[in-house]
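First up is the structure itself, then whatever we jot down about it.
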Amino acid sequence: MRTATARTAVVAVALLLVVLCPTWAQVPPKKRAVPAKAARAQCCDEVRVLKVQVANLSSLLEDMGRRQEADVRSLVRQVLELEKQNHQQEARVTEAESKYSEIHNRVEIMQLQAAQAAPHTTSDAIYDCASLYNRNYKISGEYKLPKDDFLRTPDLDVYCDMETNGGGWTVIQRRKVGLTSFDRDWKQYKNGFGTIRGDFWLGNEHIFRLTRQPTVLRIELEDWEGEARYTEYGFFTLSNELNSYKLFLANYSGNAGDSLRYHNNTNFSTKHKDNDKCVDDCAQLRKGGYWYNCCTDSNLNGMFYRYGAHTKNSDGITWYGWHGPNYSLKRVEMKIRPQNFTP
Ligand SMILES: [Ca+2]
């Protein structure tokens with residue numbers, strides 16, 4: 001920068017000299033002694049003054065250049081300093097972000113662990129039709145309940161009645177087609193049999209598990225004349241297999257009669273497993289698996305007899321409180337839901 005300024009100054013001085021002393025550029029004048037000497041002296045004075053001015057100007061320019069350079073250097077320093085600060089702040093932000101992310105991850109892991117450790121009685125868990133209903137599944141039909149690692153149970157196909165008296169019912173038994181035999185052994189009654197859309201027994205083990213919470217039992221009956229009645233027990237539960245799935249129930253209501261009360265506090269019996277309170281083998285006599293006393297006031301897992309044959313036998317699907325000991329019903333459904341269920 002300084003060389004350029006100096007060059008400019010030299011050119012300027014040359015131009016000034018040409019303008020002010022045109023004689024320099026001309027052919028030397030013919031000898032005119034006195035006036036030429038005087039003129040030369042005058043011109044030299046002017047040149048000297050100009051030289052001083054040029055020197056001053058150059059020094060001024062140099063000074064300005066120096067100051068500008070200093071300014072630029074200071075500016076560069078400031079920019080570098082700002083950049084450094086910026087980097088430091090960026091580093092601090094990155095550090096904070098990584099710390100936040102680490103904490104966030106830790107919180108997520110803790111939430112996951114808490115969710116896994118939580119008891120499976122929360123309203124989130126799906127273990128029956130009532131919890132499905134609470135999750136807005138409100139259409140009656142077949143559903144698959146997910147397996148439960150906590151209870152060590154596999155997934156389970158169920159039929160949910162989402163309409164009757166507010167819905168939320170898990171159906172545990174149905175008789176309506178009549179092609180499935182209910183004269184089965186202990187293991188089959190334990191695990192369940194039949195088809196979930198037709199005639200079936202859900203299985204004592206599943207019923208035992210589903211009735212760990214306070215449960216309501218509803219029994220719906222239909223006769224061959226097309227009339228329907230129902231019985232409800234506000235309390236219903238089974239004991240475990242070691243205790244032969246003993247029946248406990250209470251709080252009857254309905255219009256079909258209290259014909260399961262006689263079976264209260266009795267063990268479950270099946271073919272080849274006589275747990276009843278009788279010298280007879282009730283399961284063999286009544287052709288089903290049931291909580292036989294000595295033997296029956298109802299026999300909902302008895303033989304299915306069609307219209308015509310339905311009044312001629314004592315091992316049919318009977319409910320003494322409505323049609324007596326020799327009338328086999330056309331249709332039965334047993335269903336359960338939690339006592340605290342609210343539609
Ligand atoms: Ca017996």
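Both counts, for ligands and for their atoms, begin at 1 and track the order of listing. On a predicted model such as this, the values are computed, not experimentally measured, just so you know. Residue numbers run from 1 in the order of the sequence given.
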Taking side chain as C-beta onward, heavy atoms only, is Leu82 less than 4.5 Å from Gln85? yes
Check whether any side-chain heavy atom of His206 sits under 4.5 Å from a side-chain heavy atom of Val158, and report yes or no. no
If we count only N and O atoms by modelled type, under 3.5 Å, do the side chains of Thr237 and Arg212 hold a donor and an acceptor together? yes
Output yes when a side-chain donor or acceptor of Arg229 lies under 3.5 Å from a complementary backbone atom of Leu221, and no otherwise. no
When you check the space around the Ca ion (ligand 1), which protein N, O or S atoms turn up under 3.0 Å? Asp274 OD1, Asp274 OD2, Asp276 OD1, Cys278 O, Asp280 O
Please identify which of these residues, Leu217, Thr231, Asp297, meets the side-chain contact (heavy atoms from CB on, under 4.5 Å) condition with Leu260. Leu217
Give a yes or no answer on whether the side chain of Ser328 reaches the backbone of Phe304 with a donor-acceptor pair at less than 3.5 Å. no
